[in-house]
Chemist: 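Provided herewith is a single structure, encoded as structure tokens, for subsequent inquiry.
Chain letters run A, B, ... following the sequence lines, proteins first, then strands; residues in each count from 1.
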Protein chains: 2
Amino acid sequence: MARKTGSHGDITGPKVREVALHLIARHGFAAVSMRQIAADVGVQAGALYRYTPDKQTLLFELMRDHMDALLAARAARGEARNVLDRLDDFTRFHIRFHSERPDAVFVSYMELRNLTPDNFTKLEGLRRTYEDQLEAILKDGVAAGVFAVRDTKITTLAIIAMLTGLTTWYRDGGRLPLDEIERIYIDMVHGAVGMAQG
Amino acid sequence: MARKTGSHGDITGPKVREVALHLIARHGFAAVSMRQIAADVGVQAGALYRYTPDKQTLLFELMRDHMDALLAARAARGEARNVLDRLDDFTRFHIRFHSERPDAVFVSYMELRNLTPDNFTKLEGLRRTYEDQLEAILKDGVAAGVFAVRDTKITTLAIIAMLTGLTTWYRDGGRLPLDEIERIYIDMVHGAVGMAQG
DNA sequence: GTCTATACTATGATAGAC
DNA sequence: GTCTATCATAGTATAGAC
């Protein structure tokens with residue numbers, strides 16, 4: 001085999017992460033070897049350690065980057081005026097963001113148990129920050145008398161679980177366009193917060 | 001170390017499955033070794049192969065047994081008369097059954113990707129059978145004019161995702177008793193199928 | 001039915017040549 | 001920046017003693 005020399009660091013670095021995310025989503029962190037990742041990237045296993053100190057750090061950074069991107073994208077959206085618009089905006093945002101990144105979503109929700117305790121705690125903090133944004137909307141809606149919610153914490157988790165479940169079956173070019181799916185979920189979210197549908 | 005001889009097959013067999021389920025739920029199938037399972041059972045690794053031909057079969061049988069138990073428990077329940085009672089019964093059943101078996105639920109939803117294609121197909125069939133039971137209720141409710149559902153398939157998956165999400169946070173002796181949690185989820189399910197809450 | 005011992009393969013990670 | 005080569009460790013599974 002010919003040896004590839006030369007500088008490809010700015011290409012290889014992102015590619016390592018992309019390949020690792022895809023393989024881990026497909027087979028699980030523990031089931032994927034550094035050699036498999038290297039093979040798909042097109043380098044030898046040893047070369048990977050130019051881009052990550054170890055396998056655990058690679059996993060953590062994939063998950064942290066996903067949560068950072070989620071929070072950043074959310075922060076970049078302007079806040080709507082009334083609670084119902086804010087709720088609908090959250091629903092739409094969550095569906096769009098998650099449906100566009102099935103691998104990252106899968107990894108971020110499934111590989112928590114493979115993080116070291118330290119890394120787990122950090123990621124939980126980010127996840128919690130996101131959940132709190134929805135719970136704040138629910139609380140405001142209840143205070144305004146617009147939503148009828150028995151328990152904002154449980155309703156928050158239930159809505160997020162319902163919305164995120166989409167990623168287990170949604171595929172581009174499926175039976176229904178994403179616009180229509182969004183409408184269906186918005187109706188169900190309205191129902192879950194105690195509003196009549198319309 | 002003294003060697004343990006004697007017949008413990010009827011004890012060891014179930015214990016292997018119990019220990020394996022717990023360890024796989026905690027760390028993931030690929031991350032758990034046959035040696036770890038054997039250590040927790042209290043035997044040497046070689047002894048496990050009296051109870052399973054290999055690791056893959058062990059995983060598959062854990063998952064299949066869970067789905068079999070789910071379908072059997074559901075079939076053992078008498079069918080309610082009207083659609084709303086049937087929906088509430090499904091909700092209550094799902095919450096009870098899943099909250100009592102967090103390990104089996106976790107494994108059955110997270111380790112699908114570690115099954116061989118053959119075993120995956122078998123398990124998908126069982127899962128589909130269960131989903132179809134909820135979808136049948138939704139269809140009947142729509143036909144009766146009791147439910148307002150845009151798409152029974154998506155609503156089915158959304159409701160199951162919402163309910164199953166409970167297992168990620170519910171712990172015995174938590175903030176709320178299971179009865180109260182059931183009431184909250186029943187309300188949300190009513191909302192998701194387009195009924196006013198009450 | 002469980003043990004010990006082992007065959008064989010794979011793993012994560014490092015050192016040093018180019 | 002990537003390669004080859006290698007270390008130390010761990011993996012699944014099997015064979016045969018007890």
Chemist: Do Asp54(A) and Thr57(A) pair up side chain to side chain, a donor and an acceptor below 3.5 Å, judged on atom types alone?
Modeler: yes

Chemist: For nucleotides 10-12 of chain C, tabulate all protein N/O to nucleotide N/O atom pairs closer than 3.5 Å, reporting atom names and distance.
Modeler:
{"residue": "dT11(C)", "atom": "OP1", "partner": "Ser33(A)", "partner atom": "OG", "Å": "3.2"}
{"residue": "dG12(C)", "atom": "OP1", "partner": "Lys55(A)", "partner atom": "NZ", "Å": "2.9"}
{"residue": "dG12(C)", "atom": "OP2", "partner": "Met34(A)", "partner atom": "N", "Å": "2.8"}
{"residue": "dG12(C)", "atom": "N7", "partner": "Arg35(A)", "partner atom": "NH1", "Å": "3.0"}
{"residue": "dG12(C)", "atom": "O6", "partner": "Arg35(A)", "partner atom": "NH2", "Å": "3.4"}

Chemist: Which whole-number value in Å describes the distance from Lys15(B) NZ to dT2(C) C1'?
Modeler: 15 Å

Chemist: Under 6.0 Å between the ring centres of His94(A) and Tyr130(A)?
Modeler: yes

Chemist: Is the NZ or CZ atom of Arg74(B) both under 6.0 Å from the centre of the six-membered ring of Phe97(B) and within 45° of that ring's axis?
Modeler: no

Chemist: Indicate yes or no: does Asp179(B) engage Arg92(B) in a salt bridge with an N to O separation below 4.0 Å.
Modeler: no

Chemist: In this structure, are over 12 heavy atoms from other groups packed under 6.0 Å from Arg26(A) atom CZ?
Modeler: no

Chemist: Measuring to OP1 and OP2 of dT4(C), would you say a side-chain N or O of Gln44(B) lies under 4.0 angstrom away?
Modeler: yes

Chemist: Could you tell me whether the side chain of His190(A) reaches within less than 4.5 Å of the side chain of Leu84(A), counting heavy atoms only?
Modeler: yes

Chemist: Rounding to an integer number of Å, can you tell me how far Leu48(A) CG sits from dT4(D) P?
Modeler: 14 Å

Chemist: Expressed as a whole number of angstroms, how long is the span from Arg50(B):CZ to dT14(D):C1'?
Modeler: 12 Å

Chemist: At under 4.0 Å, does any side-chain N or O of Thr12(A) touch on OP1 or OP2 of dG1(D)?
Modeler: no

Chemist: For Ile11(B) and dT2(C), give me the distance from atom CD1 to atom P, rounded to whole Å.
Modeler: 9 Å

